Amino acid sequence: MDALSKPRSAQLKIGRFILTRWLGSGLQGKVFQAFDPVLERPVAIKWLNPPGGDDAALKREAKSGEGRIVAKLEHPNIVPLHEAGVHGGFPYLVFGYVDGTTLSEKRTKDGTMPVQEALTMFRAILDGVACAHAQGVLHLDLCPGNILIDAAGVPRIMDFGLARLAAAEAARLDDDAVIGTPRYMSPEHFNGQPLTARSDVFALGLILYEMLTGKSPVQAESLLALIDAITVRDLELGDMDALGLDARLQAVIRRALSRDTDRRFADATEMKLALDETLAPANRGGAHSTVEFLLNRMQRKANFPALSNNLLELNRLTDEASGSSVDALANVVLRDYAITNKLLKLANSSLYGRAGIGIKTVSDAIQLLGLNVIRMTCNGLAFFNSMQGGDSHLRDALVSSFVSALIGRHFAIRLGRRDLAEEAFICGMFHRLGKSLTIFYFEEEFREIERLVEEGGLADEAASAQVLGIGYGDLGMAVAGRWKFPETICGSIQNPGPGALPKPTKPVEIQQQIAAFGNELCELAARARADQGLALLDAFSARFAGLIEISPTDLVDLLRLALDKMEEFAPVLGLELAGSRFMGRVGDFLALTQAALPAEREQS
């Protein structure tokens, strides 16, 4: 093959093609510009090295490898393959010649690309890869050097030399050879896991990051260091924050670069959809359009339309102006056995002070507890039931919401407002509705929000507004309004804002502050460091002084009581507390803070 490394004469040929210029070489072979004397057009020829030096593998490549795969692909963002053959015992591929520069050369020359230019070009790259994925074709060597930019600025993907058909079995690279461009390989290229379209997605994430930041997140030079950086160490993605990239765009990149293949986009089509959705709200203007956009995304999830319809019907029948009968409401509740079962268990529990009465029917529960209590309870149970089966973050959020609800109920009684106790319970449960919805329906956005909270020091509301385009509170209020929740619940979802709160006077204000009290106390206990406990409880007491004067000791006692009640009611709700990080963290907080309280008293 050395005789053709750099042709010195126009008469050197591969097949019928006259070689005119050596273009370069790589791990897979050498590339030449050539002239097709039959069709009278310039072409690019890739003369392949034998895979791993294996003659049998070489023949397989010539017979059914890249040539047959790429010939299936016709797309304006893919360099077209004209034909394939064998020359001197080595396979070659003939591509359309594109007069341009590679993305790698462009980045070296121009540096960091403007965000809008980079995203426009990257969407075109995604289009080309999506075309391949739709036909079951993997590239497996996507990198800036394999993307040509033509004279019009259009990106064209070339070099499907590692492509494999994603057919019955997930593709794997032959033998243990490292074939391709290591800096842009996925973890599974090195750890023996199946190579799928998600492997291409990882490479696309690396390319997008590099286009936006001007550098690779894989900061290593030797092959072993590269493998370690990709498979073990966290990628260096700090430049995205430093450059002020939109949090939603960052979430897309982080998802594409997840080491866990299940968390990545399934293919280039899904990644493109996520990128388009991420950019769309910024162009539609206003919180209302953002809510519509997020609701449309939720509507595409399997359980959301059914949940919405159930809650709408439930709240329509229980609206004070509806005039609906007890039987009509009971019939709606009875459609769902799980909700009916949990409702009757709660109705007969100490929660409503009816233990031992023996309420056996939904109609009895409505008549004994009242239409409003059953309405709110069923809203909570329906929502909780639909959220079952989520990840540990969601399970913790649901447990936290229920503990907050128990605090709210107890707190209302402590304020001498037993008439508000059941309502306070439900308001506390739904205060973080927007957060629970985000965890369940927008998993990657939630992870980015948590990163901004933990690493960037942002409050939940500020971080969620940055990533979603709307805060948790506003999202929760909007969805609750769509579900026709009672006015009190909708009002209690609204975040009361930072700093010391004014003394509440209206029932809605009282419920809002009680709900915030329970939820913020739970979050404080779950997130506080051991040395922060007493100082944070003092600040918390000052924030809610307008609602009630309460000491850190009383707050610890209140949390302890709520956790004990949670243990009692978890089986009724079907919540598994074993292994709950929330319960563990709050338990640790209570133990450490309680131990510090006597010393605090002695000092005072």
Side-chain angles (χ1 to χ4, degrees), residues 247-248 251 287 290-291 293-295 297-298 301 303-304 307-308 311 379-380 382-408 426-483 485 489-498 511-528 575 580-583 585-586:
R248 295 165 295 176
T290 301
V291 169
F293 173 75
L294 295 174
L295 281 170
R297 284 185 63 185
M298 286 189 279
K301 304 292 185 177
N303 75 331
F304 189 79
L307 172 63
S308 296
L311 291 175
N379 274 315
F383 179 73
F384 261 66
N385 211 47
S386 72
M387 296 288 109
Q388 297 296 318
D391 67 7
S392 59
H393 292 287
L394 183 61
R395 290 193 295 275
D396 279 343
L398 296 180
V399 172
S400 176
S401 292
F402 196 82
V403 173
S404 302
L406 290 168
I407 292 173
I426 301 301
C427 289
M429 186 183 293
F430 279 113
H431 184 68
R432 292 292 191 235
L433 173 62
K435 183 175 183 177
S436 296
L437 289 169
T438 301
I439 296 171
F440 192 75
Y441 292 107
F442 311 123
E443 179 184 356
E444 294 305 319
E445 286 88 342
F446 170 71
R447 293 181 186 277
E448 178 63 14
I449 292 168
E450 287 292 281
R451 189 189 69 81
L452 291 175
V453 170
E454 294 171 7
E455 299 177 13
L458 294 182
D460 270 357
E461 287 299 308
S464 56
Q466 187 171 332
V467 174
L468 296 173
I470 189 172
Y472 281 148
D474 289 336
L475 175 60
M477 287 178 62
V479 174
R482 295 298 178 92
W483 287 343
F485 275 9
I489 294 181
C490 290
S492 69
I493 291 172
Q494 186 174 23
N495 192 300
Q511 291 290 25
Q512 180 194 42
Q513 289 199 23
I514 291 176
F517 180 100
N519 280 269
E520 290 182 23
L521 183 58
C522 285
E523 290 183 1
L524 181 157
R527 285 182 170 172
L575 289 173
S580 167
R581 292 177 303 176
F582 170 80
M583 294 292 285
R585 288 174 180 173
V586 176

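Keep in mind that what you see is a predicted model, and the values were worked out from it rather than measured. Throughout, numbering of the chain's residues begins at 1 and tracks the sequence.
Of all non-hydrogen atoms in Asn519 and Ala515, the two that sit nearest each other are ND2-O, 2.9 Å. Leu394 and Ser436 get closest at one heavy-atom pair: CD1-O, 3.8 Å. Leu452 and Ala463 get closest at one heavy-atom pair: CB-CB, 4.0 Å. Listed here is the closest heavy atom pair of Met429 and Ala405: N-CB, 3.7 Å. Across Val467 and Ala247, no two heavy atoms sit closer than the pair CG2-CB, 3.4 Å. Ser464 approaches Ile449 most closely through the heavy-atom pair CA-CD1, 3.6 Å.
Taking 4.0 Å as the cut-off between side-chain N and carboxylate O, Arg585 and Glu523 do not count as a salt-bridged pair. Between Glu450 and Arg527, at least one side-chain N (NZ, or NE/NH1/NH2) sits under 4.0 Å from a carboxylate O, which counts as a salt bridge.
For Ser400 and Arg432, the side-chain atoms include no donor-acceptor pair closer than 3.5 Å. Side-chain contact check for Ser580 and Asp396: at least one donor-acceptor pair (N or O, by modelled atom type) lies under 3.5 Å.
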Could you go step by step and tell me if Arg581 and Ser392 meet the side chain to side chain donor-acceptor pair (under 3.5 Å) rule? CA-CA 8 Å; Arg581 292 177 303 176; Ser392 59; 3.2 Å; yes

Could you check Ser308 against Trp483 for side chain to side chain contact (heavy atoms under 4.5 Å, CB included), going step by step and ending with a plain yes or no? CA-CA 6 Å; Ser308 296; Trp483 287 343; 3.0 Å; yes

Between Arg395 and Phe582, does a side chain to side chain contact (heavy atoms under 4.5 Å, CB included) hold up when you go through it step by step? CA-CA 9 Å; Arg395 290 193 295 275; Phe582 170 80; over 6 Å; no

For Gln511 and Cys427, what are the C-alpha separation, side-chain angles and deciding distance, and is it a side chain to side chain contact (heavy atoms under 4.5 Å, CB included)? CA-CA 7 Å; Gln511 291 290 25; Cys427 289; 4.2 Å; yes

Please step through salt bridge (Lys or Arg N to Asp or Glu O under 4.0 Å) for the pair Arg451 and Glu448, ending with a clear verdict. CA-CA 5 Å; Arg451 189 189 69 81; Glu448 178 63 14; 2.8 Å; yes

With side chain to side chain contact (heavy atoms under 4.5 Å, CB included) as the criterion, how do Phe442 and Met298 come out once you've worked through the C-alpha distance, each side chain's angles and the decisive distance to 0.1 Å? CA-CA 8 Å; Phe442 311 123; Met298 286 189 279; 3.5 Å; yes

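Looking at Leu406, Val586, Ile407 one by one, the single match for side chain to side chain contact (heavy atoms under 4.5 Å, CB included) with Cys522 turns out to be Ile407.
Glu445 places no side-chain N or O within donor-acceptor distance of the main-chain N or O of Thr438, the cut-off being under 3.5 Å.
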